[in-house]
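Below: the structure, in structure tokens.
When reading the values below, keep in mind they use all heavy atoms of this one structure, side chains included, and skip hydrogens, waters and symmetry mates. Order of appearance sets the numbers: ligands from 1, and atoms from 1 within every ligand.
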Amino acid sequence: MRDEECVRFLQWALPQLELRWPGFRKVRAQVCKRLQRRLSSLALETVDDYQGFLTAHPEEWEVLDEMSRVTISRFYRDRMMCTFLEQEVLPSLAEQAMSRGDHCLKVWSVGCCCGEEPYTVAIIWKLGLQTRFPRLGLQIVATDANPDMVRRARRGCYPLGSVKNLPRKWRERAFTRQGDDYCLKAAYRADTVFMVQDVREAMPSERFDLVLCRNLVFTYYQEELQSELLGRLTGVVRTGGALVIGIHEQLPAELSGLRVWSEKVRIYRKTA
Ligand SMILES: C[S@@+](CC[C@H](N)C(=O)[O-])C[C@H]1O[C@@H](n2cnc3c(N)ncnc32)[C@H](O)[C@@H]1O
């Protein structure tokens, strides 16, 4: 399939799934490749044939929705954000949790891919902050709509490319080598619970000190859906807690119940 055919198809199809084309522009190769494989498995020749197939088989939209999930992540993605988390956000949330008498900080990673994001928070906590807050634990809930990502996250083994942004001394402490893979030691996996969950359909019922929703809702979803989800995400952040979005993302609407904690690294604090 030629790139321009795939682009034309995506520009037609994505809005029907409440997804926005500009979010996919730079990362479309992954989706186009899956589309090509789907066409082959259905013995269809062109995207026009596939368009016809979608019309004749509406249940295929669900397959297309699954094929449209971009799965790119890495540990310590956006160094400045990670540093800000370590130096400002987590210590402040930890103080707050302790003054409430809580025993642990609660974190939710939305669209957690293979665990790179929640495990980054676990590593920052254990290697950067735990000694300052020895009596405070960490509980991370990490959700992804793709069961395959969740299976890989639970296993916790990665190629070098996924872990190379981590500060070297942390990488050496937190991982063991298994052949070419870097496998996260059990102690760093222990605080994270993974669940298959589509953020459009469900959210954990508890309240969190920190919610990371990066490179998903505010990149790929249409504005109306972004606004709706922002309201629901804000709802599960505790007062005084933080919401982190992707470094290239913007929140869709007027901030309601949130104030900017750092514009540069896209962190917001819940005020009420
Ligand atoms: C681009 S990755 C971002 C990973 C990580 N948050 C980061 O910033 O590095 C997006 C992840 O969201 C997941 N995802 C896509 N649609 C989802 C949905 N509706 N609900 C939950 N997860 C979803 C994908 O499977 C993928 O793992």
Can you check salt bridge (charged side-chain N to carboxylate O under 4.0 Å, His left out) on Glu60 and Arg38, steps first, answer last?
CA-CA 11 Å; Glu60 179 68 13; Arg38 184 67 182 153; 2.8 Å; yes

For ligand 1, list every N/O pair with the protein closer than 3.5 Å, one pair per line with the distance.
from     : atom 1 : to     : atom 2 : distance (Å)
ligand 1 : 6 (N)  : Gly111 : O      : 2.9
ligand 1 : 6 (N)  : Glu117 : OE1    : 3.1
ligand 1 : 6 (N)  : Arg214 : O      : 3.0
ligand 1 : 8 (O)  : Arg77  : NH1    : 3.3
ligand 1 : 8 (O)  : Arg214 : O      : 3.2
ligand 1 : 8 (O)  : Asn215 : ND2    : 2.7
ligand 1 : 9 (O)  : Ser73  : OG     : 2.6
ligand 1 : 9 (O)  : Arg77  : NH1    : 2.8
ligand 1 : 19 (N) : Asp198 : OD1    : 2.8
ligand 1 : 19 (N) : Tyr221 : OH     : 2.8
ligand 1 : 20 (N) : Val199 : N      : 2.9
ligand 1 : 22 (N) : Ala145 : N      : 3.1
ligand 1 : 25 (O) : Asp144 : OD1    : 2.7
ligand 1 : 25 (O) : Asp144 : OD2    : 3.4
ligand 1 : 27 (O) : Cys113 : N      : 3.4
ligand 1 : 27 (O) : Asp144 : OD2    : 2.6

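- Applying the disulfide bond (SG atoms under 2.5 Å apart) criterion to Cys32, with sequence neighbours excluded, gives Cys6.
- Ring pair Trp21/Phe24: centre-to-centre distance not below 6.0 Å.
- Within a 6.0 Å radius of CG in Asp3, more than 12 heavy atoms belonging to other residues, nucleotides or ligands are found.
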Applying ring pair (Phe, Tyr, Trp, His ring centres under 6.0 Å) to Phe75 and Tyr182, what does each step give before you reach the verdict?
CA-CA 12 Å; Phe75 280 79; Tyr182 288 75; 9.9 Å; no

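- Ring geometry for Tyr50 against Phe53 counts as parallel: the plane angle stays under 30°, on a 0 to 90° scale with 60° as the upper cut.
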